[in-house]
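All values below come from the heavy atoms of this structure, side chains included, with hydrogens, waters and symmetry mates left out.
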Amino acid sequence: MKTLKPMNQLTIFYDQKCGVCCQVKAWMQHQPAYVPLRFLAFDDPTALEVLPELPSLDPAGQIVVAADTGEVYRGADAWITCLWTLRNWRGWAKRFSRPEWKPLTHRLCSLISGNRLRLSELLKLTPESAAKLTTSRTECQGTCRLD
């Protein structure tokens, strides 16, 4: 019987030049997580130290994540793994991984990944706008109003 080693960290490889990728990174950094999340630009030299086979996984085409336990996921499986690490999104990760949802999850992830640069342009999302969200965000103490 194989003993599963618990995950202690998830490394998410992202495109630091893509607005959508940087927005998702900023969003994930503000979510409560079960394990620490480490974000590395896929073209950063450190990324190859963490995951030497990264170039062969086409990180520019599909998201790639690596658990500290050795598992590596890409595409829809990577997105499901990311959601699984987030406290408020684990239920969605479980749904998306079900056999009846898996084809839709794969199609949706492929659609977003294949059009992420176009989406960034269309939605006017830039790495700089994501950085502003990360540094200027404050937590609501129950008195926030949306007018």
**Student:** Find out whether R38 and L10 are in side-chain contact, i.e. whether some heavy atom of one side chain is under 4.5 Å from a heavy atom of the other.
**Tutor:** no
**Student:** So how far is it from T126 OG1 to K124 NZ, rounded to the nearest 0.5 Å?
**Tutor:** 11.0 Å
**Student:** When you compare the side chain of V35 with that of N8, does any pair of heavy atoms fall below 4.5 Å?
**Tutor:** no
**Student:** Any side-chain to backbone donor/acceptor pair from S97 onto K94? Under 3.5 Å, distance only.
**Tutor:** yes
**Student:** Indicate the atoms forming the closest heavy-atom contact of H106 with A76, along with that distance.
**Tutor:** ND1-CB, 3.4 Å
**Student:** Salt bridge check, K25 against D15: does any charged N sit closer than 4.0 Å to a carboxylate O?
**Tutor:** no
**Student:** Checking T85 side chain against C82 main chain: does a donor-acceptor pair fall under 3.5 Å?
**Tutor:** yes
**Student:** For the atom pair CG (L117) and SG (C21), what is the distance rounded to the nearest 0.5 Å?
**Tutor:** 7.5 Å
**Student:** Within the 4.5 Å heavy-atom criterion, are L86 and P32 side-chain neighbours or not?
**Tutor:** no
**Student:** Once you round to the nearest 0.5 Å, how far does SG of C22 lie from CD of Q16?
**Tutor:** 7.5 Å
**Student:** Closest heavy-atom contact between I80 and A93?
**Tutor:** O-CB, 3.5 Å
**Student:** Please indicate whether E121 has more than 12 foreign heavy atoms, meaning atoms of other residues, nucleotides or ligands, lying under 6.0 Å from its CD.
**Tutor:** no
**Student:** Closest approach of W27 and L83, non-hydrogen atoms and distance?
**Tutor:** CH2-CD2, 4.4 Å
**Student:** Looking only at non-hydrogen atoms, find the nearest pair between K102 and D77 and report the distance.
**Tutor:** NZ-OD1, 3.0 Å
**Student:** Working to the nearest 0.5 angstrom, can you tell me the gap between Q23 CD and L125 CG?
**Tutor:** 4.5 Å
**Student:** Which pair of non-hydrogen atoms, one from R87 and one from A33, has the smallest distance, and what is that distance?
**Tutor:** NE-O, 3.5 Å
**Student:** Checking F96 now: which residues fulfil ring-ring contact (aromatic ring centres under 6.0 Å, His included) with it, not counting sequence neighbours?
**Tutor:** W92, W101
**Student:** Can a donor-acceptor pair be found, under 3.5 Å and without considering hydrogens, that links the side chain of D68 to the backbone of M7?
**Tutor:** no
**Student:** Search all heavy atoms of R90 against all heavy atoms of W84 and return the closest pair with its distance.
**Tutor:** NE-O, 2.7 Å
**Student:** Check for me, please, whether Y14 and L40 land in the same ILVMFWY cluster - side-chain distances under 4.5 Å, paths through other members count.
**Tutor:** no
**Student:** Quick one: does N115's side chain have a donor or acceptor within less than 3.5 Å of a partner on L111's backbone?
**Tutor:** yes
**Student:** Going hydrophobic residue to hydrophobic residue with side-chain gaps under 4.5 angstrom, can you get from L37 over to V24?
**Tutor:** yes
**Student:** Ignoring hydrogens and angles, write down the donor-acceptor pairs under 3.5 Å from the side chains of residues 46-58, residues two or more places apart or on other chains.
**Tutor:**
residue	atom	partner	partner atom	Å
T46	OG1	D44	OD1	3.0
S56	OG	E53	O	2.7
D58	OD1	G61	N	3.3

**Student:** To the nearest 0.5 Å, what is the distance between CD (Q31) and CD (Q29)?
**Tutor:** 11.0 Å
**Student:** With heavy-atom distances below 4.5 Å as the criterion, would you say the side chains of I63 and W79 are in contact?
**Tutor:** yes
**Student:** Under 4.5 Å between side-chain heavy atoms, counting indirect links through other Ile/Leu/Val/Met/Phe/Trp/Tyr residues: same cluster for Y73 and I12 or not?
**Tutor:** yes
**Student:** Do K17 and D43 sit within salt-bridge range, that is, some charged N less than 4.0 Å from a carboxylate O?
**Tutor:** yes
